[in-house]
Asks: 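Below is one structure. I have some questions about it.
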Amino acid sequence: MKSFWQRATLGGLAAMGLAFVAGQAQAQPRNQITIMREIDADRYDPHRSTALAAGEVITMLSDTLVSMDYDMRTIRPGLAERWDVSEDGRTYTFHLRQGVTFCDGTPFTAEAMAFSLNRWIGRTTPRVTSPVAWRAGDVKEIRATGPHTLVYELNRPFSELLPNLAMFFGSAVDPATVERLGDNFGVQGFNGTGPFCWDSWTPRNQMVLTRHPNYRWGPPVLQNQGPAHVERIVWRVIPEAASRVAALQSNQADLTQYIPDAFIASLQRVPTVTINNQPNYLWDTYLGFKVDRPVANDVAIRRAFHMAVDRPAMVRAVWSGNAQPARGLINPTAQDYSAAADELVPAFDPAAARRMLDEAGWTMGPDGVRVKDGQRATLTLFAINNLINQRLGEIIQQAVRQVGIELRIQLFDATVAWGRLATQDFDVLFLSYPYLSANDALNLYWHSRSRPTPNRMNWNNPQTDQWLEEGRAATDPAVRAEAMANLQRQLNEASAWMNIAHNNLNLFSTRRVEGARAHGLYGISIYKGLDLRVR
C-alpha cells in the first residue's frame with residue numbers, strides 16, 4: 001500500500017499550501033533571497049550545537065581556518081592563507097589572512113582564532129562543552145604567536161585534522177561579543193567574519209541576515225570571494241512540505257533542500273524550478289544492532305536482516321529512487337572506501353537466510369517466529385518518527401517476518417526520541433548521519449570509548465580500537481587506508497549494522513536565483529551564499 005506522500009500529486013499538495021502563499025503574497029524585495037527549511041535550531045553557537053539547522057546559517061555568519069572543495073576531499077584556504085605541518089604531524093602553523101574583520105568592524109587576529117578554537121574544545125572560561133570537541137584532535141595547545149600566526153599543537157598526529165577544521169564547529173567568533181552575551185551568544189546575537197551578519201531571529205519563524213559589506217576573503221572554491229551579491233538572506237521555517245512546494249512554485253521563496261523525494265519527479269517537469277545535485281554527498285541512513293542484547297547479539301540474526309531485505313527495491317519505495325542502495329558501511333565515493341570489504345556483506349537471499357537460521361539453531365515456532373533456547377527472535381526498534389522511518393519500518397518488518405524474525409517498532413517525536421535512545425532499552429535503531437571519509441565515519445561510531453553514544457551498538461572490540469587509533473594517527477595515507485580496510489572487513493563480517501541508503505543532496509531553486517550549487521559539507525547545501533544572485 002502506498003503512503004500518503006507517494007499517493008499525493010504535486011498539484012494536490014501545492015493546493016494544500018495555498019494558505020501559506022496567500023499569507024506571503026507580497027513580492028520579495030529586489031535584492032533579497034528567501035531560503036526555506038523544515039525546522040529551526042535552538043541556538044546558533046558553533047561550539048554548542050551540532051544541528052544541521054544551526055550549521056547552515058553559521059556557515060554564512062562566520063568562517064573557518066580552511067575550506068572544503070566540492071569534491072568533499074580537497075582542502076582549500078579559508079581564514080588561513082597557507083599552513084605548515086611539522087614532520088611528526090603534531091604541529092600545524094597557520095598563516096592567517098590580513099585585513100579580515102568581524103561584522104562590527106573589529107579586526108580578526110590570531111588571538112581571536114585561538115580563543116574560538118579553545119572555546120570549541122572547552123578550554124575557555126566559562127567552559128563550553130561541545131559534543132564534537134573530539135573533531136579538533138588530541139590538542140596540546142592552540143596559541144597565537146603573532147598577530148596573524150596561529151600554532152596548533154597536538155599530543156599525537158590526527159590524520160584528518162584539516163577536514164574537521166573546515167566544518168562549522170571551528171568557526172571564528174568575536175571574543176568580546178561572546179563575553180558580552182554570555183549564554184545568549186547565538187541566541188540574541190552573533191559576531192563573525194562571514195559574508196553575512198546577524199540581523200534578527202524570530203525562533204521557529206525566520207532568521208534574517210544582512211550583507212557584510214567589507215567581506216573579501218571568501219574561499220577559493222567559490223566564484224565570488226566577496227562581498228556577497230545579495231543584500232539580505234531570509235532563512236524561513238516552513239514545517240509543512242506542501243507549503244514549501246507551493247512557495248517554490250509561486251516564487252514566494254527561492255531555495256530549499258527540504259523537498260520530499262516523492263516530489264522530485266514532478267518538480268523536474270516544472271520549468272521555473274532548477275534542481276542541483278551534489279554527487280559527492282556523504283550522508284547515510286542505517287539500521288544498527290545493539291550487539292550486547294539477547295537475539296541481537298547473534299550474528300546469524302544480524303546477517304539474516306541483510307539477506308531478508310531487498311535494499312534496492314526498498315530505496316525505490318522509500319526514496320522514490322532518489323538515493324543509492326548501500327551495501328557496506330561506507331559510500332564508494334568516500335576516501336578509504338574498501339570495495340573488497342563490501343563483498344563480505346550478505347546479498348539479498350531470503351531462502352538462504354532461512355537455511356542459515358535453521359543451522360544456527362533458530363527453530364520456527366507455530367506463530368511463524370523463531371525460537372532458540374527458549375528465546376523468541378523478537379527485536380524492538382527505536383527511531384525518530386518521520387515519513388522515511390515509518391516506511392522503512394514497515395518494509396523491513398514485513399521482510400524479516402518472512403524469515404521468522406519479529407520486529408516491533410516504536411517511533412518517537414524528535415523532541416523525545418534522543419531521550420528514549422538514551423535509555424538503551426532497544427535492540428535495533430534507525431539513524432542517519434553525515435561524514436567526511438571512512439576514517440571519520442568509523443571513528444565516530446565504533447570505538448569502545450564512544451559507548452553508549454554515539455556507539456549505540458555497544459560494539460567493544462580491542463582490535464577495532466587498535467585499527468581506529470592507527471588510522472586516526474596515521475601520517476602516511478597508505479597506512480590509514482589499510483587500517484580502514486581492515487575495519488570495514490571486520491564490521492561487515494560481523495554485520496553490526498545494516499547500511500540502508502546513501503542519501504542524495506538536492507538543492508531546489510527558482511529561476512529568480514543564479515549561482516545555486518549544492519555543496520554538502522555536514523549536509524549543508526548552500527556554502528557561504530557568496531555566489532547567489534538575483535536575476
Asks: Using 4.0 Å as the upper bound for N to carboxylate O, is an ion pair formed by E469 and R449?
Replies: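 A salt bridge is present here (some side-chain N lies under 4.0 Å from a carboxylate O).
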Asks: Do K528 side-chain atoms and T59 backbone N/O form a donor-acceptor pair below 3.5 Å?
Replies: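 Side chain of K528 to backbone of T59, a donor-acceptor pair under 3.5 Å: yes, one is there.
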Asks: Between V187 and W201, what is the shortest heavy-atom contact and its length?
Replies: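 Smallest heavy-atom distance, with atoms named: O-CE3, 3.4 Å.
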Asks: Are any side-chain N or O atoms of D40 and backbone N or O atoms of R204, one a donor and one an acceptor, separated by less than 3.5 Å?
Replies: yes
Asks: Give a yes-or-no answer on whether the side chains of D292 and W459 include a donor-acceptor pair shorter than 3.5 Å.
Replies: no
Asks: Among residues at least two apart in sequence or on other chains, which ones pass salt bridge (Lys or Arg N to Asp or Glu O under 4.0 Å) with R119?
Replies: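 Residues passing salt bridge (Lys or Arg N to Asp or Glu O under 4.0 Å) with R119: D45.
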Asks: So, N504 and Q324: side-chain donor and acceptor under 3.5 Å apart, yes or no?
Replies: yes
Asks: Do P452 and N458 make a side-chain contact, defined as non-hydrogen atoms from C-beta onward lying under 4.5 Å apart?
Replies: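 In contact.
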Asks: Can you list the steps and then say if L436 with L282 is a side chain to side chain contact (heavy atoms under 4.5 Å, CB included)?
Replies: CA-CA 7 Å; L436 292 166; L282 298 176; 5.7 Å; no
Asks: Main chain of A485, side chain of S338: is a donor-acceptor contact present, judged purely on distance under 3.5 Å?
Replies: no
Asks: Please evaluate residues L61 and F190 with respect to the criterion side chain to side chain contact (heavy atoms under 4.5 Å, CB included), reporting the C-alpha separation (whole Å), side-chain torsions for both, the decisive distance (0.1 Å), and the verdict.
Replies: CA-CA 8 Å; L61 289 171; F190 190 101; 3.7 Å; yes
Asks: Flag this pair as yes if the NZ/CZ of R420 is under 6.0 angstrom from the six-membered ring centre of F426 and inside a 45 degree cone about the axis; otherwise no.
Replies: no
Asks: Testing the 3.5 Å rule here: is there a donor-acceptor pair between the side chains of S448 and D465?
Replies: yes
Asks: Using the rule given for side chain to side chain contact (heavy atoms under 4.5 Å, CB included), can you reason through T423 versus L421, listing the C-alpha separation, both sets of side-chain angles and the distance that settles it, and then say yes or no?
Replies: CA-CA 5 Å; T423 68; L421 285 169; over 6 Å; no
Asks: Does the separation of the ring centres of F382 and F412 fall below 6.0 angstrom?
Replies: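 Yes, they do, as the ring centres are separated by less than 6.0 Å.
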Asks: Going by atom types only, do N385 and Q390 share a side-chain donor-acceptor pair under 3.5 Å?
Replies: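 Result is yes, a qualifying pair exists.
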Asks: Any sub-3.5 Å donor-acceptor pair from S130's side-chain atoms to V132's backbone N or O?
Replies: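 Indeed, once roles are kept as given, a pair shorter than 3.5 Å links the two residues.
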Asks: Are any side-chain N or O atoms of S62 and backbone N or O atoms of I58, one a donor and one an acceptor, separated by less than 3.5 Å?
Replies: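 Judged by distance alone, no pair lies under 3.5 Å.
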Asks: For H447, is there any backbone N or O sitting under 3.5 Å from a side-chain donor or acceptor partner on N455?
Replies: yes
Asks: Compute the ring centroids of W497 and W446, then answer whether they are less than 6.0 Å apart.
Replies: yes
Asks: Any idea how Y433 and Y435 line up, ring-wise: parallel (<30°), tilted (30 to 60°), or perpendicular (>60°)?
Replies: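 Plane angle under 30°, so parallel.
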Asks: Quick one: does L287's side chain get under 4.5 Å of L429's, heavy atoms only?
Replies: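 Heavy-atom side-chain distance check fails, nothing below 4.5 Å.
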Asks: Any donor and acceptor pair, going by atom type alone, linking the side chain of R456 with main-chain N or O of A422 inside 3.5 Å?
Replies: no
Asks: With no hydrogens and no angle check, just 3.5 Å: does a side-chain donor-acceptor pair link N118 and R123?
Replies: no
Asks: Does any non-hydrogen side-chain atom of N506 lie less than 4.5 Å from one of I259?
Replies: no
Asks: Taking atom types as modelled, is there a side-chain donor on R127 or T129 under 3.5 Å from an acceptor on the other?
Replies: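 Yes, side-chain donor-acceptor contact under 3.5 Å.
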Asks: How about CZ on R401, more than 12 heavy atoms from neighbouring residues, nucleotides or ligands closer than 6.0 Å, or not?
Replies: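 Check passes, neighbour count above 12.
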Asks: Are N443 and N439 linked by a side-chain donor-acceptor pair shorter than 3.5 Å?
Replies: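 There is such a pair between these side chains.
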Asks: Do the side-chain N and O atoms of N503 and T285 include a donor-acceptor pair separated by under 3.5 angstrom?
Replies: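 Side chains of N503 and T285: pair found under 3.5 Å.
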Asks: Locate the shortest heavy-atom distance separating S495 from F289; write the atom from each residue and the value.
Replies: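 Heavy-atom minimum between the residues: O-CD1, 3.6 Å.
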Asks: Would R472 count as a cation-pi partner of F158, with NZ or CZ less than 6.0 Å from the six-membered ring centre and within 45° of the ring normal?
Replies: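 Judged by the rule (NZ or CZ under 6.0 Å from the ring centre, within 45° of its axis), R472 counts as positioned above F158.
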Asks: So, N280 and D71: side-chain donor and acceptor under 3.5 Å apart, yes or no?
Replies: no
Asks: Would the distance check show the side chain of Q257 and the main-chain N or O of I524 forming a donor-acceptor pair, the cut-off being under 3.5 Å?
Replies: no
Asks: Is the closest side-chain donor-acceptor distance between Y281 and N331 under 3.5 Å?
Replies: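 No donor-acceptor contact under 3.5 Å links the two side chains.
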Asks: Would you say T34 and Q252 are linked by a side-chain donor-acceptor pair, where the criterion is simply a distance under 3.5 Å?
Replies: no
Asks: Between S437 and Q335, do the side chains contain a donor N or O and an acceptor N or O under 3.5 Å apart?
Replies: no
Asks: Tell me, please, which residues at least two apart from R293 pass salt bridge (Lys or Arg N to Asp or Glu O under 4.0 Å).
Replies: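 Per chain and number, R293 pairs via salt bridge (Lys or Arg N to Asp or Glu O under 4.0 Å) with D425, D427.
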Asks: Do D183 and R48 sit within salt-bridge range, that is, some charged N less than 4.0 Å from a carboxylate O?
Replies: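 Salt bridge flag = yes for R48 with D183.
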Asks: Just by modelled atom types, is the Q375 backbone N or O under 3.5 Å from a matching donor or acceptor in the D373 side chain?
Replies: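 No, D373 side chain to Q375 backbone: no donor-acceptor pair under 3.5 Å.
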Asks: Relative to the ring of H519, is the ring of Y527 parallel (under 30°), tilted (30 to 60°) or perpendicular (over 60°)?
Replies: parallel
Asks: Give, for atom CG of N297 and atom CZ of R302, the distance between the pair rounded to the nearest 0.5 Å.
Replies: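 These two atoms lie 7.5 Å from each other.
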Asks: If you compare all heavy atoms of V295 against all heavy atoms of W362, which two are closest, and at what distance to 0.1 Å?
Replies: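 That would be CG2-CH2, 4.2 Å.
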Asks: Within the structure provided, determine whether I301 and L379 are in side-chain contact (heavy-atom separation under 4.5 Å).
Replies: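 With C-beta onward as the side chain, the pair touches.
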Asks: Please test V237 against E38 for side chain to side chain contact (heavy atoms under 4.5 Å, CB included), starting from the C-alpha separation and ending with a verdict.
Replies: CA-CA 6 Å; V237 179; E38 188 173 8; over 6 Å; no
Asks: Salt bridge check, D254 against R236: does any charged N sit closer than 4.0 Å to a carboxylate O?
Replies: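 No, this pair does not count.
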